[in-house]
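Indexing begins at 1, ligand by ligand and atom by atom, following the structure's order. In what follows, residues are counted from 1 in the order of the sequence shown.
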Amino acid sequence: MTIQPIYTPGQSITVGAPATVANLVCGFDILGLALNAPQDILTLTISDEPGIRIRHTDDYQLPVAPSANVAGAALLALLETLPVPVGFDLVAHKHIKPGSGLGSSAASAAGAVVAANLLLNDYFSKPDLVRFAMHGEKLASGVKHADNITPCIYGGVTLIRSVFPLDIVPLDAPPLFVTVVHPQIEVRTADARQILKQQLPLRDAIRQWGNIAGLVAGLLQKDYALIGRSLEDVIIEPVRSILIPGFDAVKQQCIEAGALGGGISGSGPSVFMLSEAEHTAGQLERIMQEVYAKIGLPCKTYVTTLNHHGVTVIPPSSI
Ligand code: HSE
């Protein structure tokens with residue numbers, strides 16, 4: 001017998017969906033972490049009127065047709081498996097700029113399905129929600145990757161051991177400060193994937209999986225030096241960093257100033273750096289601002305920390 005979802009037509013919920021840093025330098029498509037800032041704000045209302053209606057209150061001019069919208073695509077996937085014909089009205093205010101490399105599409109898709117699930121009294125499991133939200137990623141980048149979606153839903157640092165079948169491993173991590181610079185250019189994930197080499201020398205693969213294992217071990221053992229040594233990417237960064245003006249200067253100067261390490265956030269153009277101490281994180285922000293001021297490219301910076309909760313409900317009193 002199919003279990004019926006319990007819901008109240010007309011009920012609304014507002015959630016905050018965090019930005020995420022995918023890849024974590026060496027873990028292309030398999031590692032990611034959630035940030036405390038920035039975050040998107042989504043309000044979802046459940047109704048008996050089937051279908052999905054989307055409205056944006058930001059200036060990004062994103063499509064509102066459900067099948068052309070990442071949150072819409074994720075909600076459509078969720079509705080397909082629901083045994084009752086409900087509908088959703090979504091009002092989204094994005095603070096994570098699309099094409100920033102900070103998991104903007106993941107925040108929309110993950111935020112929408114987590115909100116829907118809350119309105120459905122937790123009808124679905126977290127892995128189900130990741131599967132639905134990946135439909136949004138497929139729409140945005142052409143590929144169902146889960147390295148932004150998963151930390152956005154679970155919080156913290158996550159490992160996607162496998163997408164098909166989905167195997168998610170939340171990873172413990174020591175306190176970390178994250179400094180992010182978003183140079184104001186747009187890099188489309190689909191384009192940044194297109195330029196990647198499809199084959200690689202075995203020696204590069206060996207170096208890369210040494211780094212991935214080192215990073216995971218460093219996080220679990222709270223060994224900052226090991227984390228730092230492992231933040232090295234010999235496969236993706238050499239290809240993609242060419243798309244990001246100022247990348248080499250930011251990286252070199254931040255590491256000299258005491259960053260544990262860092263690199264391209266997701267598919268860029270944002271660049272992130274991890275630090276053990278807050279004052280270092282602040283210093284890195286100033287370095288990033290100086291690099292882009294010199295180049296004459298406007299940028300936005302964030303100094304933030306790991307978000308351990310993922311998508312969270314925002315009480316009506318704080319909206
Ligand atoms: N792993 C994906 C990529 C993340 O690097 O293409 C995109 O945000």
Side-chain angles (χ1 to χ4, degrees), residues 17-35 38-40 60 62 70-71 73-74 94-111 130-131 133-154 157-164 166-169 171 178 180-183 185-198 200 204 208-209 211-212 215-216 231-244 247 251 262-272 302 307 310:
T20 45
V21 172
N23 301 336
L24 298 187
V25 183
C26 51
F28 179 68
D29 273 3
I30 64 167
L31 289 171
L33 59 77
L35 298 174
Q39 63 170 350
D40 286 347
Y60 293 123
L62 292 168
V70 293
K94 293 194 67 64
H95 296 280
I96 311 167
K97 198 170 177 186
S100 60
L102 291 171
S104 180
S105 53
S108 297
V130 172
R131 281 188 204 95
M134 277 197 294
H135 287 260
E137 293 295 54
K138 171 107 174 115
L139 180 65
S141 68
V143 178
K144 281 189 176 177
H145 63 90
D147 50 340
N148 290 106
I149 294 287
T150 310
C152 192
I153 291 178
Y154 283 68
V157 184
T158 56
L159 164 70
I160 320 299
R161 196 201 60 81
S162 154
V163 175
F164 304 109
L166 191 59
D167 188 357
I168 291 167
V169 186
L171 299 173
V178 190
V180 178
V181 62
H182 173 203
I185 52 169
E186 188 181 336
V187 173
R188 291 185 60 246
T189 299
D191 298 338
R193 295 184 79 90
Q194 200 104 52
I195 60 171
L196 298 177
K197 293 183 199 146
Q198 293 303 310
L200 47 110
D204 287 353
Q208 197 85 352
W209 58 57
N211 281 325
I212 297 167
L215 181 54
V216 171
L231 289 169
E232 178 195 52
D233 174 7
V234 295
I235 297 172
I236 310 294
E237 183 182 292
V239 182
R240 283 186 170 170
S241 59
I242 293 157
L243 303 175
I244 307 171
F247 177 81
K251 190 171 167 185
I264 304 171
S265 176
S267 56
S270 290
V271 178
F272 80 103
Y302 303 91
N307 170 324

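- With hydrogens and angles disregarded, a donor-acceptor distance shorter than 3.5 Å links the side chain of D40 to the backbone of I96.
- Partner of C26 under the side chain to side chain contact (heavy atoms under 4.5 Å, CB included) criterion, out of L215, L231, I236, I235: L215 alone.
- For the pair E137 and ligand 1, no heavy-atom separation below 4.0 Å is found.
- Listed by number with element, the atoms of ligand 1 under 4.0 angstrom from any heavy atom of R240 are 3 (C), 5 (O), 6 (O).
- Q208 places a side-chain N or O within donor-acceptor distance of the main-chain N or O of V234, the cut-off being under 3.5 Å.
- Of the possible polar contacts, none joining the S104 side chain to the G99 backbone as a donor-acceptor pair under 3.5 Å is found.
- Residue-ligand proximity, N23 to ligand 1, at heavy-atom distances under 4.0 Å covers atoms 1 (N), 2 (C), 3 (C), 5 (O).
- Distances below 4.0 Å separate heavy atoms of R193 from the following atoms of ligand 1: 1 (N), 2 (C), 3 (C), 6 (O).
- The backbone N or O of G101 sits less than 3.5 Å from a side-chain atom of S265, completing a donor-acceptor pair.
- Here V143 has no heavy atoms under 4.0 Å from ligand 1, in either its backbone or its side chain.
- Taking every heavy atom of D29 and a limit of under 4.0 angstrom, the matching atoms of ligand 1 come to 1 (N), 2 (C), 3 (C).
- For ligand 1 and A22, the ligand atoms under 4.0 Å from any heavy atom of the residue are 4 (C).
- Counting the atoms of ligand 1 from 1 in the order shown, those under 4.0 Å from a heavy atom of F28 are 3 (C), 5 (O), 6 (O).
- The only option from D167, I30, I212, D147 that meets the side chain to side chain contact (heavy atoms under 4.5 Å, CB included) definition with L159 turns out to be I30.
- Within the 3.5 Å criterion, the main-chain N or O of A192 finds a donor-acceptor partner in the side chain of R240.
- Closest heavy-atom approach to atom 8 (O) of ligand 1 among the candidates L31, L102, N148: N148.
- Residue T189 has at least one heavy-atom neighbour below 4.0 Å for each of these atoms of ligand 1: 6 (O), 7 (C).
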